[in-house]
Amino acid sequence: MQTVIANRDDFFYPNSCPVALRSIQGDASMQHEGDLTDIRHTHDFAELIIISQGSGKHWIDGNIYNVAAGDIFLLQGNTEHYFTERCNLGMYNLMFDDVYFQEHLRSLRSLPGFNGFFLIEPAYRHRHKFRHRLHLEGEDLVALTSKFRQLETELKLQRPGFDLILFARALEIFVLISRKYFENPSAKSSSLCALAELVTVLENSYDEDWSIARLCKISSMSPSSLIPAFKEITGSSPIEYLLHVRMNKAAEKLLSGKETVSEIAAACGFADSNYFSRQFRKHYHCSPLQYRARKLN
């Protein structure tokens, strides 16, 4: 079967926040413009899927997973997927540009549940056979689906600022899902939780002195297990990831205050301001002071 590439212009409104919502109710085909539910496809944006009723079989990157009402899962950008079977299936699809969110909302990484659900579970899905998906029932599922119905109403009316409402509500949904994910025992595995908490620790305590030995002690993993597992989910080693976090925090501090380069270096965990400046230049291709001058002028 040939893979279709979805056109983001069918989902995102021009000159607005890159967030969109679509819903599927029942098994009829082509329920909205650009509907590829039953067609193998991929796209360069992320998709949060909430199964509100019924069941089905979802093909994701060569594996078929059974899904049913209450299942919630994320498809990261450039993931091939489609439904091979649907049985009275109802679902909400919240599409968003994950690169945009990563660049503008790094504070989400301070939530262990966000790291577990949005970052680690998709990377580990093939290994754990989808055992650690989030599943909600009863009042929790009703409360979440009601938020999506409110978003649908906002989209139909399209009053001024509707895209900002959609963006704000998407953030609220992300936070609620993050909380539920870490509370949900069926979503947990020791390695998944350890990695999620480790990412959170590095995001929140980037100014501390970290070593592989210390990270292994926190995660209860050996270096031979930790380093490849961490790289699988983030694309970098723990120390490389820490450096990336520190660089982002330093860039924020350069623009938000009048601290000196030495003060910012110390606040971001660098004992040597010269080493900090060299690393900053490698990361942003300019010195810290040049970065501040360019961004503020």
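Side-chain contact check for Thr200 versus Leu111: every heavy-atom pair is 4.5 Å or farther apart. A heavy-atom distance below 4.5 Å is found between the side chains of Leu94 and Phe148. In this structure, the side chains of Glu33 and Arg22 stay at 4.5 Å or more apart for every pair of heavy atoms.
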Could you walk me through whether Lys249 and Asp207 satisfy the salt bridge (charged side-chain N to carboxylate O under 4.0 Å, His left out) test, starting with their C-alpha distance in whole Å, then the side-chain angles of each, then the deciding distance to 0.1 Å, before giving a yes or no?
CA-CA 10 Å; Lys249 297 297 182 181; Asp207 57 331; over 6 Å; no

Ile49 vs Asp71, side-chain contact (heavy atoms from CB on, under 4.5 Å): CA-CA, chis, key distance, verdict
CA-CA 8 Å; Ile49 297 178; Asp71 285 342; over 6 Å; no

As a quick check of understanding, evaluate side-chain contact (heavy atoms from CB on, under 4.5 Å) for Asp97 and Asp44, giving each step before the final call.
CA-CA 8 Å; Asp97 188 326; Asp44 62 357; over 6 Å; no

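Exactly one residue among Leu195, Ile239, Leu215 makes a side-chain contact (heavy atoms from CB on, under 4.5 Å) with Phe230. That residue is Leu195. Exactly one of Arg159, Arg149, Lys147 qualifies for a salt bridge (charged side-chain N to carboxylate O under 4.0 Å, His left out) with Glu154. That residue is Arg159.
The main-chain N or O of Leu36 is found under 3.5 Å from a side-chain atom of His41 such that the two form a donor-acceptor pair. Put simply, the side chain of Asp27 gets close to the backbone of Leu89: a donor and an acceptor are under 3.5 Å apart. Although no hydrogens or angles enter the test, the distance criterion places a donor-acceptor pair under 3.5 Å between the side chain of Arg214 and the main chain of Asp209. The backbone N or O of Val245 lies less than 3.5 Å from no partner atom in the side chain of Asn248, so there is not a single donor-acceptor pair.
Figure legend: Arg246 and Phe270 shown as a cation-pi pair, the cationic atom lying under 6.0 angstrom from the six-membered ring centre and within 45 degrees of its axis.
Ring to ring, Tyr65 and Phe73 are not that close: their centroids are 6.0 angstrom or more apart.
Every pair passing side chain to side chain donor-acceptor pair (under 3.5 Å) that includes a residue from residues 46-57 is listed here, sequence neighbours excluded: His43-Glu47, Glu47-His81, Glu47-Asn93, Gln53-Asn88, Lys57-Asn66.
No side-chain N or O of Ser262 forms a donor-acceptor pair with one of Thr260 less than 3.5 Å apart.
The pair Glu121-Arg133 does not count as a salt bridge, with every side-chain nitrogen at least 4.0 angstrom from each carboxylate oxygen.
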